[in-house]
Participant: 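I have a structure I would like to understand better, so I am pasting it below and will then ask my questions one at a time.
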Amino acid sequence: MDISAGWDLVVIGSGPAGEAAAMQATKKGLRVAIVEDQKSLGGNCTHWGTIPSKALRHLVRQVIRTQRNPLLRGILNPREVRWQDLITRTREVIDSQVQVRTDFYIRNRVTVFGGRGELLSNNEVKVQDREGRLHLLKTRNVVIATGSRPYHPDDVNFDHPRIYDSDTILTMDHTPRHIIIYGAGVIGSEYACIFTGLGIRVDLVNSRQHLLDFLDTEISDALSYHLREQGCTIRQDEEYKRVVADDHGVTLELQSGKKLRADAVLWCNGRSGNTQDMGLETVGLKANSRGQLQVNERYQTEVDGIYAVGDVVGWPSLASASYDQGRFCAAAIAGDEVRQVTDVPTGIYTIPGISSVGRTEQELTEAKVPYEVGQAFFRNLARAQITGERVGMLKILFHRETLAVLGIHCFGYQAMEIVHVGQAIMRQPGELNTLEYFIDTTFNYPTMAEAYRVAAINGINRIRR
Ligand SMILES: Cc1cc2nc3c(=O)[nH]c(=O)nc-3n(C[C@H](O)[C@H](O)[C@H](O)COP(=O)(O)OP(=O)(O)OC[C@H]3O[C@@H](n4cnc5c(N)ncnc54)[C@H](O)[C@@H]3O)c2cc1C
């Protein structure tokens, strides 16, 4: 075994959390190595999750826009778009991302060990590389950033070529005419929009009564309406009983007695932390039933010198937050002040997209906060009329006495970008975080950001009538 000693930090996993921890630690002057078991760097985020799904969504939006554009109508029939072609283009984006991320490690002199990492103690990590060679890394600290994978219930046969999860859907070599998506969380809803955008019939099976019920109800209702309008059938409050696949299709039998038949099933019902077979028990760590590790506010596990960040610690399980967790964890290791990940915005890349930050109307009502609402409908904005992106709205929730902004909820074109204007104002101290900022500020015209001014005036008029 090849012994490599003197590391200050060994990071296991090169997704957003591991990468950010490694980069921040090396900037702090620590000697850092990273271990990654996939052939290239970037983590599941780059290879199977965020990046491919967002690239696919972008392509599908272009298909939809082309179809809607009166000058281009007839040029492209969405039903003639092949899934494999979309995946080929998506791979180009993945490759570019891998290139960029690999350069970070070279530039910042972080040593990469390709292979699977296993903990032998709180300061020893064994790596078996792809050639079968063993390396023993001796280190002062370890960060577990091994991410997550799609949850597979035992009674569903994921080896069948018509049963996919959010990883294997990227290897699908045909374009189904009808697909069942089981699980209507963020990933299921995003893929439902991608497939309906291609004119593929979708049955979206939700185990809850409402779609994405953590969202503001008005926004969640708007998503359900638009999904249905695009041809998606949403089955609420359903649980599967059995999945039967054959050479011609898949039948999903539901507990309610319904039977759905389609060309393929995409299973999007939860994720498990990647903590299996990596020596947790050897060092005295135990993951919960979802494979996740518990950490304190310094991202430390119960074992001295072992930290964990990203999906492997559970909430919020987002690439956006994982980058911050990685950076903050490195600060903890370097002995700096540690910050917490709070006020994480929601960014849901459905078509149209959804984004929000702060509290919902339900939460404010429950907490008996005297709030008021200001709304701007995109159909009335000059920019939206020019681009033809008229579906959507921005809703600002604010305190009716202090005018403090309490929540921003946006639905429609550029929602995931627009929300950050409101987020920046909400983060301001005291009197600076009020609705008045949007009324007193000159916005570029015509822009989507102008929605803030329209919504703020709408809101102020409600209380000053
Ligand atoms: C379809 C989909 C869409 C998503 N869309 C978004 C989005 O739009 N926005 C957003 O913010 N988030 C999104 N997410 C979530 C986001 O991808 C994850 O939160 C993020 O990838 C978590 O990062 P991570 O660093 O914890 O781990 P990961 O990205 O999961 O990477 C972990 C890495 O560790 C490696 N690894 C595991 N075990 C070992 C081991 N023992 N030794 C060596 N290496 C190991 C894995 O192979 C992997 O490469 C999406 C997820 C999915 C599945």
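When reading the values below, keep in mind they use all heavy atoms of this one structure, side chains included, and skip hydrogens, waters and symmetry mates. Whatever order the structure lists ligands and atoms in, that order sets their numbers, starting from 1.
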Participant: Do M278 and ligand 1 have an N or O pair less than 3.5 Å apart?
Facilitator: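 No, there is no polar N/O contact under 3.5 Å.
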
Participant: In ligand 1, which numbered atoms sit nearer than 4.0 Å to a non-hydrogen atom of S317?
Facilitator: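 In order of numbering, the contacting atoms are 15 (C), 19 (O).
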
Participant: Which ligand 1 atoms are under 4.0 Å away from a heavy-atom of A145?
Facilitator: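 What qualifies from ligand 1 is 32 (C), 34 (O).
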
Participant: Identify, for atom 34 (O) of ligand 1, the protein heavy atom at the shortest distance, and state residue, atom and that distance.
Facilitator: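 Going atom by atom, the protein heavy atom closest to atom 34 (O) of ligand 1 ends up being G13 CA, 3.2 Å.
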
Participant: Quick one: do R89 and E92 make a salt bridge, cutoff under 4.0 Å?
Facilitator: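 Yes, charged N to carboxylate O under 4.0 Å.
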
Participant: Could you find the nearest protein heavy atom to atom 30 (O) of ligand 1 and give me its residue, atom name and distance?
Facilitator: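 Closest protein heavy atom to atom 30 (O) of ligand 1: N44 ND2, 2.8 Å.
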
Participant: Could you list which atoms of ligand 1 come closer than 4.0 Å to a heavy atom of S320?
Facilitator: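 Near S320, meaning under 4.0 Å from one of its heavy atoms, ligand 1 has 11 (O).
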
Participant: Can you list the atoms of ligand 1 that are under 4.0 Å from a heavy atom of K54?
Facilitator: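 Going through ligand 1 atom by atom, the ones under 4.0 Å from K54 are 3 (C), 4 (C), 5 (N), 6 (C), 7 (C), 8 (O).
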
Participant: Tell me the nearest of D311, T275, D167, D37 to atom 22 (C) of ligand 1, using heavy-atom distances.
Facilitator: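 Considering heavy atoms of D311, T275, D167, D37, the nearest to atom 22 (C) of ligand 1 sits in D311.
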
Participant: For H210, does the NE2 atom sit with more than 12 other heavy atoms under 6.0 Å from it, leaving out its own atoms?
Facilitator: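 Count not over threshold, so no.
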
Participant: Has R228 got more than 12 heavy atoms of other residues, nucleotides or ligands less than 6.0 Å from its CZ?
Facilitator: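 For R228, atom CZ is crowded (more than 12 foreign heavy atoms under 6.0 Å).
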
Participant: Before accepting this row, confirm whether a basic side-chain N of the pair K395/E361 lies closer than 4.0 Å to the acidic partner's carboxylate O.
Facilitator: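 E361 and K395: salt-bridged.
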
Participant: With a 3.5 Å cut-off and no angle check, do the side chains of Q292 and D311 form a donor-acceptor pair?
Facilitator: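 Per modelled atom types, Q292 and D311 side chains form no pair under 3.5 Å.
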
Participant: To check your reading of the model: name the closest protein heavy atom to atom 29 (O) of ligand 1, its residue, and the distance in Å.
Facilitator: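 Here the nearest protein heavy atom works out to C45 N, 3.0 Å.
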
Participant: By number and element, which atoms of ligand 1 are closer than 4.0 Å to a non-hydrogen atom of G147?
Facilitator: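 Counting atoms of ligand 1 from 1, those under 4.0 Å from G147 are 26 (O), 27 (O), 28 (P), 30 (O), 32 (C).
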
Participant: Using distance alone, decide if ligand 1 has a nitrogen or oxygen within less than 3.5 Å of any nitrogen or oxygen in Y191.
Facilitator: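 Checking ligand 1 against Y191, no N or O pair falls under 3.5 Å apart.
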
Participant: P16 versus ligand 1: do any nitrogen or oxygen atoms come within less than 3.5 Å of each other?
Facilitator: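 Yes; at least one N/O pair falls below 3.5 Å.
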
Participant: Any nitrogen or oxygen of E190, main chain or side chain, under 3.5 Å from a nitrogen or oxygen of ligand 1?
Facilitator: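 No - when backbone and side-chain N and O of E190 are compared with those of ligand 1, no distance drops under 3.5 Å.
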
Participant: Taking R107 first and then D103, would you say they form a salt bridge - that is, a charged N and a carboxylate O separated by under 4.0 Å?
Facilitator: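 Answer for the salt bridge query: no.
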
Participant: Is G115 near ligand 1, meaning one of its heavy atoms is under 4.0 Å from it?
Facilitator: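 Contact check G115 vs ligand 1: positive.
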
Participant: N/O to N/O below 3.5 Å, does that happen between S166 and ligand 1?
Facilitator: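 No: no nitrogen or oxygen of S166 is under 3.5 Å from one in ligand 1.
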
Participant: Answer yes when D8 and R31 have at least one side-chain N-carboxylate O distance shorter than 4.0 Å, and no when they do not.
Facilitator: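 No.
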
Participant: What protein heavy atom is closest to atom 13 (C) of ligand 1, reported as residue, atom name and distance in Å?
Facilitator: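 Looking only at protein heavy atoms, the one closest to atom 13 (C) of ligand 1 is T50 OG1, 3.0 Å.
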
Participant: Numbering the atoms of ligand 1 from 1, which are under 4.0 Å from a heavy atom of Y349?
Facilitator: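 Every atom of ligand 1 under 4.0 Å from some heavy atom of Y349: 8 (O).
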
Participant: Evaluating non-hydrogen atoms only, which member of T146, V186, I348, L318 is closest to atom 38 (N) of ligand 1?
Facilitator: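 Of the listed residues, T146 has the closest heavy atom.
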
Participant: Can you tell me if N274 and T146 form a side-chain donor-acceptor pair at under 3.5 Å?
Facilitator: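 There is no such pair (donor and acceptor under 3.5 Å, judged by atom type) between the side chains of N274 and T146.
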
Participant: In ligand 1, which numbered atoms sit nearer than 4.0 Å to a non-hydrogen atom of S148?
Facilitator: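 Counting atoms of ligand 1 from 1, those under 4.0 Å from S148 are 30 (O).
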
Participant: As an exercise, identify every atom of ligand 1 less than 4.0 angstrom from a heavy atom of G15.
Facilitator: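 Counting atoms of ligand 1 from 1, those under 4.0 Å from G15 are 25 (O), 29 (O), 31 (O).
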
Participant: Any chance the side chains of D2 and H135 put a donor and an acceptor closer than 3.5 Å?
Facilitator: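 Result is yes, a qualifying pair exists.
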
Participant: Any idea which protein heavy atom is nearest atom 3 (C) of ligand 1, and the distance to it?
Facilitator: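 Minimum-distance protein heavy atom for atom 3 (C) of ligand 1 reads S53 OG, 3.3 Å.
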
Participant: Between ligand 1 and G117, is the shortest N or O to N or O distance under 3.5 Å?
Facilitator: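 N/O-N/O distance under 3.5 Å: yes.
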
Participant: Without hydrogens or angle criteria, can the side chains of Q97 and R101 be said to hold a donor-acceptor pair below 3.5 Å?
Facilitator: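 The criterion, which ignores hydrogens and geometry beyond distance, is satisfied for R101 and Q97.
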
Participant: Counting only heavy atoms from other residues, nucleotides and ligands, does the tally under 6.0 Å from CZ of R290 exceed 12?
Facilitator: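 Counting other residues, nucleotides and ligands, CZ of R290 stays at 12 neighbours or fewer.
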
Participant: Based purely on interatomic distance, does V312 place a nitrogen or oxygen under 3.5 Å from a nitrogen or oxygen of ligand 1?
Facilitator: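 No, V312 has no N/O under 3.5 Å of an N/O on ligand 1.
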
Participant: Measure centre to centre between the rings of Y413 and F378, then say whether the value is under 6.0 Å.
Facilitator: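 No, too far apart.
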
Participant: Please assess Y349 against H58 for the test ring-ring contact (aromatic ring centres under 6.0 Å, His included), listing each intermediate value before the final yes or no.
Facilitator: CA-CA 9 Å; Y349 290 75; H58 176 74; over 10 Å; no

Participant: Taking R162 for its side chain and D263 for its backbone only, find out whether a donor-acceptor pair lies under 3.5 Å.
Facilitator: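 Yes, R162 side chain to D263 backbone: donor-acceptor pair under 3.5 Å.
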
Participant: Of all the non-hydrogen atoms in the protein, which one sits nearest to atom 33 (C) of ligand 1, and at what distance?
Facilitator: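 For this ligand atom, the closest protein heavy atom is E36 OE1, 3.6 Å.
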
Participant: Could you tell me if any non-hydrogen atom of R271 lies under 4.0 Å from any atom of ligand 1?
Facilitator: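 True for this residue.
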
Participant: For D324 and V341, indicate whether the former's side chain and the latter's backbone hold a donor-acceptor pair under 3.5 Å.
Facilitator: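 Such a contact is absent between D324 side chain and V341 backbone.
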
Participant: Salt-bridge test for E190 and R57: reply yes if a basic N is under 4.0 Å from a carboxylate O, no otherwise.
Facilitator: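 No, this pair does not count.
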
Participant: Students should be able to answer this: which protein heavy-atom is nearest to atom 11 (O) of ligand 1, and at what distance?
Facilitator: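 For atom 11 (O) of ligand 1, the nearest protein heavy atom comes out as A319 N, 2.9 Å.
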
Participant: Is there a nitrogen or oxygen of I187 sitting under 3.5 Å from a nitrogen or oxygen of ligand 1?
Facilitator: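 No; the residue has no nitrogen or oxygen that sits under 3.5 Å from a nitrogen or oxygen of the ligand.
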
Participant: Any idea which protein heavy atom is nearest atom 25 (O) of ligand 1, and the distance to it?
Facilitator: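 Here the nearest protein heavy atom works out to A17 N, 2.9 Å.
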
